[in-house]
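Single-structure report; data block below.
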Amino acid sequence: MDEIFLSPYNPKEAENTIYDIWNKSGFFNPDICIEKEVTNKDAKAFTIVMPPPNANGDLHAGHALFITLEDIMTRYKRMSGFKTLWIPGADHAGFETQVVYEKKLEKEGRSRFGMDPKDLYKEILDFTLLNKKNMEAQVKSLGASCDWSREKFTLDPEVVSKTQDTFIKMWKEKIAYRGKRTINWCSKHQTSLSEVETESSEETSPFYYFKYGPFEIGTVRPETKFGDKYVVMHPEDKRYLDYKHGQKMTVEWINGLIEATVIKDEAVDMEFGTGVMTITPWHSQVDYEIAKKYDLEMEQIIDWRGKLLPIAQEFSGMNIKEARPKIVEKLKSKGLLIKIDESYKNVVKKCYKCSTIIEPQIKDQWYVKMESLSKMALESVDKGELKFIPDNYEKIFRYWMTNTIDWNISRQIVWGIPIPAWFRRGEVIASKEKPEGEGWIQDTDTFDTWFSSGQWPLIATGFPESKDFKEYYPTDVMETGHDLIFKWVPRMVIFGLYLENKVPFHTVYLHGLVNDAQGKKMSKSKGNVINPLTLTDKYGTDALRMALIVGNTPGTDVALQENKVKAYKNFANKIWNITRFVLSSTEGFDGKKPDLIIEEDLTNILELNELIKDVTKDMDEYRFYLAAEKIYHYMWHSLADNIIEKSKEKLKDENPSTVKSTQYTLLYLLKTSLKLLHPFMPFITEKIWQYTEKDSNILMVTKWPNP
RNA sequence: GCGCGGUUAGCUCAGUUGGUAGAGCGCGUCAUUGACGUUGACGAUGUCAGAGGUUCGAAUCCUCUAUCGCGCACCA
């Protein structure tokens, strides 16, 4: 027996060398598995595309969970004889990274405004590439058996080019279009945001009632009201039957007299407030719809920095927050303020990154028509081409796909894939090259990250024509966080169907959030963020992996408790000592199956075979949380506590065939257990394999046991 | 308001098609030095949120209620 077993298991030491052994073996790459004949040439493919971690910082606990899950699937399938490919990636994470970088600039007393966009881009690129290396090293330290030779970065030239091609195709087919409409504007980040990049929170705000000619109008936003010259009410509202649609009247307003026009429209809720409202089409989605319907004038009141425009006269240039009380004060002094309801609750939409209140603005943007695309996505679910784990997410997916609005794909940030479009007066052309003729100006906007990420399964496998694409697309499983069920998953499905007429994967496995030990969401402000790498340093990667997997059902959030990680470190040591016992008890044993296996050993082998059956079924049905626990329980409480205990007597038996039978069985049980455990605890199992199977291939490519 | 999910041992959570409740941590008693003290043996603790229903039988299926969490939408 090797001396290494005389001291307790040292995860750090093992992990440092084991990953290199795997990596150098080349077996992360299915081509090499075939070349070296550990996988059959005509084996069925199993492919996972890794959701590319953002290359803008350290991995968090959620990454550790998803890497573990995907690694378990990958290792299991590889051992089961599949031509297994797990493609890693790195995400430039457009807006996310730009926000991270802007914070960095802010700390340095700098700002992106005033910087040359090219310089800014270069700086963010350097920052990202540096972090990309860091991120990759962390992914490796978690044991990910992905094929690094196929890694892709979301800003690789071919990725950029293919993303742009898709856009041009969509433009030619009129699925992507240029449109002027209400957008979500973050005045801090100076960009528009999609619906999923905003978050709403309920707040209590003063609700003001003002006199507007003969009417009383209510509003929470007096600062937008300068230009309000349309007063809207429901056509059937009995209180206002005397007023006719289109009727004009002169009313006293914030900065003097204004000519107001009566508009009658069903959009007004008669029950709400006084049933009368004035509209501000430029800064409200609902108002915009009304204005468009009657072809009303629209005027911008608030500029892109959140300041009032000259229309506000004396308030011009003032920040809206500061202006609001002053405007109310002025209206009050003119006798136009009727009352203030201080307990009004409304929902405020905010930038999900900086919580700046979103200012609806009207702006030309690029949109993708969603209706026909979401219909295709729904059909693929109907046809059973797309399965969700857990299955209740199918409902959420359907809900999301039945309520789609056109998708704003342009962002006013430099860090991203440029939108290949050109403008000249009223003309628009989508093209990578500058169109013929003079006067064309290139679009400076970039794509929403999800526009490129949505094509990731295609692009990562080499769409549209590579050898890999033919072999590995459609992929098999998309494993990602349940919060991406509406942000990302539908977009991948849509692009897969749109570009290739196939769903990009047949199974969507959704994991939950990793919370702190009390089950509370981790957040920097609460200070309860657990860095997975401090846990792996302390207890080993295998232990963290087990702690994240056991008992964690798909879709359910998991509480990450240090105690639990520690418990699996103990387990690792237990395995180490089982090995120590088995190796020391089988010294001199030739390893060959003896002619006689005594009855007790047969029973033991049968028991393990039952476990293999059970675990294999769990693995096939994605119940990793059960499989892991069963193997754990078997090794500790059957193999160690019972079988090994009893073997001590048998090994002293006078009959050499009893001894041989016992030795053979102990080795068999240990080695088989290691195979079963390998996808979950790859490091320690591989490490031990080096001592139990000196002459054979590495455990990673050893066949999964048959019962 | 609508939707989804949870409510099981002190804590964090499992419980796959309905068949006398499980894990880890924690707790109690005992053991003690040749696999392992990062240990072993034994043990305690649950009206499975509540009520009603289906069933020979319900933590599991159905209905309602309470409560927590999350998501979406909220109209000036």
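Residue numbers begin at 1 in each chain, while the letters A, B, ... track the order of the sequences. Nothing here was measured: the structure is a model prediction, and the numbers come from that model.
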[X] [atom1] to [N] [atom2]: how many Å, rounded?
X      : N     : atom1 : atom2 : value
A:I684 : B:A35 : CD1   : C1'   : 13 Å
A:I396 : B:G3  : CD1   : C1'   : 8 Å
A:L513 : B:G5  : CG    : P     : 17 Å
A:L639 : B:C36 : CG    : P     : 16 Å
A:E621 : B:U16 : CD    : C1'   : 8 Å
A:N563 : B:C13 : CG    : P     : 14 Å
A:D614 : B:G15 : CG    : C1'   : 13 Å
A:Y691 : B:A35 : OH    : P     : 21 Å

On a whole-Å scale, what distance lies between the [atom1] atoms belonging to [N] and [M]?
N     : M     : atom1 : answer
B:C27 : B:A66 : C1'   : 32 Å
B:G46 : B:U29 : C1'   : 22 Å
B:G1  : B:C56 : P     : 40 Å
B:U60 : B:G22 : C1'   : 15 Å
B:U12 : B:U20 : P     : 28 Å
B:G19 : B:U63 : C1'   : 24 Å
B:U55 : B:C62 : P     : 16 Å
B:A35 : B:C25 : P     : 23 Å

Which class fits the ring pair A:H245 and A:Y294: parallel under 30°, tilted 30 to 60°, perpendicular over 60°?
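Tilted, since the angle between the ring planes falls between 30° and 60°.
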
Counting distance alone, no hydrogens or angles: does the base of B:C36 have a donor or acceptor under 3.5 Å from a partner atom on the side chain of A:K574?
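Present.
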
Using a distance-only criterion (donor-acceptor N/O pair, under 3.5 Å, no hydrogens), is the base of B:A41 paired with the side chain of A:E645?
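No pair found.
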
So, is [X] close to the [N] phosphate, meaning a side-chain N or O under 4.0 Å from OP1 or OP2?
X      : N     : result
A:W636 : B:U39 : no
A:H633 : B:A14 : no
A:Y625 : B:G15 : yes
A:K564 : B:G24 : no

What's the closest nucleotide to the [X] side chain, out of [options]?
X      : options             : value
A:A559 : B:G5, B:U12, B:A35  : B:U12
A:Q561 : B:C36, B:A14, B:U12 : B:U12
A:L626 : B:C36, B:U16, B:G24 : B:U16
A:N392 : B:C11, B:G5, B:U38  : B:G5

Counting primed atoms, P, OP1 and OP2 as sugar-phosphate and everything else as base, the B/S/- map of nucleotides 69-76 of chain B against protein heavy atoms under 4.0 Å is --SS-BBB

Indicate whether the side chain of [X] and that of [Y] have a donor and an acceptor atom separated by less than 3.5 Å.
X      : Y      : answer
A:D601 : A:S661 : yes
A:Y634 : A:E607 : no
A:N408 : A:S194 : no

Determine the contact category for [X]: base if any of its heavy atoms lies under 4.0 Å from a base atom, sugar-phosphate if only primed atoms, P, OP1 or OP2 are that close, otherwise nothing.
X      : value
A:N570 : base
A:H637 : sugar-phosphate
A:R580 : sugar-phosphate
A:T579 : nothing
A:T556 : sugar-phosphate
A:Y393 : nothing

Less than 4.0 angstrom from a charged side-chain N to a carboxylate O is my criterion; do [X] and [Y] meet it?
X      : Y      : result
A:D382 : A:K375 : no
A:K292 : A:E289 : no
A:E223 : A:K321 : no
A:K648 : A:E645 : yes
A:K646 : A:E600 : no
A:K349 : A:E195 : yes

Nearest-nucleotide wise, let me know which of A:T553 and A:I644 is further upstream toward the 5' end of RNA chain B.
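Of the two residues, A:T553 wins.
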
Which is more 5' along RNA chain B, the nucleotide nearest A:K566 or the one nearest A:D618? Just name the residue.
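Upstream on the strand: A:D618.
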
Using ring centroids (six-membered ring only for Trp), state whether A:Y243 and A:F215 fall under 6.0 Å.
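Ring-ring flag for A:F215/A:Y243: true, centres closer than 6.0 Å.
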
Consecutive Watson-Crick or G-U pairs in runs of at least 3, all under 3.5 Å, in which RNA chain B is involved:
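Paired runs of 3+ in RNA chain B: B:1-7 with B:66-72, B:10-13 with B:22-25, B:27-31 with B:39-43, B:49-53 with B:61-65.
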
Tell me whether the guanidinium CZ or amine NZ of A:K339 lies under 6.0 angstrom from the six-membered ring centre of A:Y209 and within 45° of its axis.
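Checked: cation-pi criterion met.
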
